[in-house]
Visitor: 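Quick one: the structure is below, questions incoming.
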Amino acid sequence: MKSQAGAPVVAAALACATGLPAATLAGDDGATEDAVSSPSRIVIAHRGASGYLPEHTLPAYALAHGMGADYIEPDLVLTRDGHLICLHDIYLQATTNVEQVFPSRAREDGRWYAADFSLAEIRRLEARERLRDRFPRGKSRFAVPSFAEMIELVQGLNERTGRTVGIYPEIKAPAWHRTEGLPMEEALLEVVERYGYRESGAPIFVQSFEEESLRRLRELGSELPQVLLMAEVEQYRQFLSAEGMAGIAAFADGIGPAKTMLERQPELIGWARDAGLTIHPYTFRADQVPDLHGSHEAELERYLFELGVDGVFTDYPDRARAVLDRQ
Ligand code: G3P
Ligand code: CA
């Protein structure tokens with residue numbers, strides 16, 4: 001891996017310093033009115049601008065908006081009292097100080113589960129950086145936002161900038177949540193509909209690694225754009241053919257494969273296109289560039305312009321924005 005972090009972030013830094021969004025500095029080409037039919041390639045801020053600020057925090061989402069992201073991704077889990085919060089893991093210990101605040105609340109496996117805590121308790125936690133060599137731990141102060149707070153931030157920034165940045169929520173481990181008595185699909189639809197995401201052209205993609213969950217959302221009447229995430233594991237092998245992709249189209253509008261799946265099997269792209277599916281691979285990281293590509297920008301260009309994907313999940317939305325804006 002080559003380390004290439006430290007890209008230009010002037011507009012975003014100004015935004016942080018002034019408290020104002022940097023959309024006007026970053027340009028306003030990112031508006032996306034119709035999620036599925038838009039022909040332009042999109043920048044999806046993965047966990048916010050998580051290359052620069054702790055993932056799934058309101059500052060990371062605000063920075064992503066200022067950097068020109070088209071969509072901002074919250075991963076979602078449920079609290080004990082049924083609130084969706086922005087968190088990648090069903091556990092709390094990797095990205096919060098839960099061990100210090102609630103030392104006796106781990107399960108027998110030694111993990112602190114978000115589903116064991118109320119939203120009021122989650123609000124007592126500090127969020128912190130997950131990865132080494134990113135935002136310094138112990139500096140500044142961050143919290144775990146609710147999904148509703150995340151949407152209000154994005155919609156507020158949209159109102160102030162005149163851009164339409166979308167949201168790209170991933171429901172995490174919905175089958176597990178259901179066994180805990182916490183159905184996620186209903187909770188998701190309640191929140192997004194409350195904030196106006198109701199039609200098939202709304203600026204939202206709902207993503208999940210679990211086919212059953214996407215099917216459940218359709219059964220509940222959702223017409224929102226949906227993306228099936230895929231990893232390089234056995235459970236997704238059934239989809240890796242023309243017929244398999246056609247099957248996905250019965251319950252989703254796109255696929256979100258691990259990017260290496262496309263490098264290894266580029267014909268997946270043609271099969272997905274033939275099935276009418278949009279293609280958004282994950283995850284592009286300027287500080288984790290595969291040697292194969294030589295530079296972060298070369299990797300982005302390979303996927304966006306040679307393989308021809310429709311968008312990228314990236315921890316560095318400014319870098320992808322710049323690559324697309326050069327075209
Ligand atoms: O949702 C796309 C990508 O984020 C999937 O992986 O683990 O980062 O949520 P993960
Ligand atoms: Ca995700």
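Every number for a ligand or one of its atoms is a count from 1 in the order of the listing. Just so it is clear, the model here is predicted, and its values are computed rather than measured.
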Visitor: Taking the N/O/S atoms of Asp75 one by one, which is nearest to the Ca ion (ligand 2)?
Guide: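 Nearest N/O/S atom of Asp75: OD1.
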Visitor: Any donor and acceptor pair, going by atom type alone, linking the side chain of Gln207 with main-chain N or O of Tyr168 inside 3.5 Å?
Guide: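 A pair under 3.5 Å: yes.
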Visitor: In the protein, which heavy atom is nearest to atom 4 (O) of ligand 1, and how far is it?
Guide: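 It is His46 NE2, 2.7 Å.
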Visitor: Does at least one non-hydrogen atom of Phe209 fall below 4.0 angstrom from an atom of ligand 1?
Guide: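 Flag set, Phe209 near ligand 1.
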Visitor: Number the atoms of ligand 1 from 1 as they appear, then name those within less than 4.0 Å of a heavy atom of His88, with their elements.
Guide: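 Within the 4.0 Å cut-off of His88, ligand 1 contributes 7 (O), 8 (O), 9 (O), 10 (P).
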Visitor: Can you tell me which residue and heavy atom of the protein come closest to atom 2 (C) of ligand 1, and the distance to 0.1 Å?
Guide: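 Atom 2 (C) of ligand 1 sits closest to the protein heavy atom Gln207 OE1, 3.5 Å.
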Visitor: Below 4.0 Å from ligand 1: does a non-hydrogen atom of Glu73 turn up there or not?
Guide: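 So Glu73 counts as touching ligand 1.
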Visitor: At a 4.0 Å threshold, what atoms of ligand 1 neighbour a non-hydrogen atom of Leu229?
Guide: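 Checking each atom against Leu229, I get 1 (O), 2 (C).
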Visitor: Would you say the side-chain atoms of Glu55 and Thr95 include a donor-acceptor pair closer than 3.5 Å?
Guide: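 Judged by distance alone, the side chains do not pair up.
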Visitor: Calculate the angle formed at the Ca ion (ligand 2) by OE1 in Glu170 and OE2 in Glu73; 10° precision is enough.
Guide: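 With the Ca ion (ligand 2) as the vertex, the angle is close to 120°.
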Visitor: Can you find an N/O atom of Lys172 closer than 3.5 Å to an N/O atom of ligand 1?
Guide: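 Lys172 vs ligand 1: N/O contact under 3.5 Å present.
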Visitor: Report the residue from Arg216, Glu185, Glu212 that forms a side chain to side chain contact (heavy atoms under 4.5 Å, CB included) with Pro174.
Guide: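 Of Arg216, Glu185, Glu212, side chain to side chain contact (heavy atoms under 4.5 Å, CB included) with Pro174 is met by Glu185 alone.
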Visitor: Flag the pair His280 / Phe205 as yes when their ring centroid distance falls below 6.0 Å, and as no otherwise.
Guide: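 Yes, the ring centres sit under 6.0 Å apart.
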Visitor: Tell me whether the centres of the aromatic rings in Tyr113 and Tyr91 are closer together than 6.0 Å.
Guide: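 Yes: the rings meet the under 6.0 Å criterion.
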Visitor: For ligand 1 and Arg47, I'd like to know whether there is a polar contact (N/O to N/O, distance under 3.5 Å).
Guide: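 Min N/O separation from ligand 1 is below 3.5 Å for Arg47.
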Visitor: Check the side chains of Asp315 and Ser50 for a donor-acceptor pair under 3.5 angstrom, ignoring hydrogens and angles.
Guide: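 Yes, Asp315 and Ser50 have a side-chain donor paired with an acceptor closer than 3.5 Å.
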Visitor: Measure the spacing between CG of Leu304 and CG of Asp310 and express it to the nearest 0.5 Å.
Guide: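 Nearest 0.5 Å value for the CG-CG distance: 9.5 Å.
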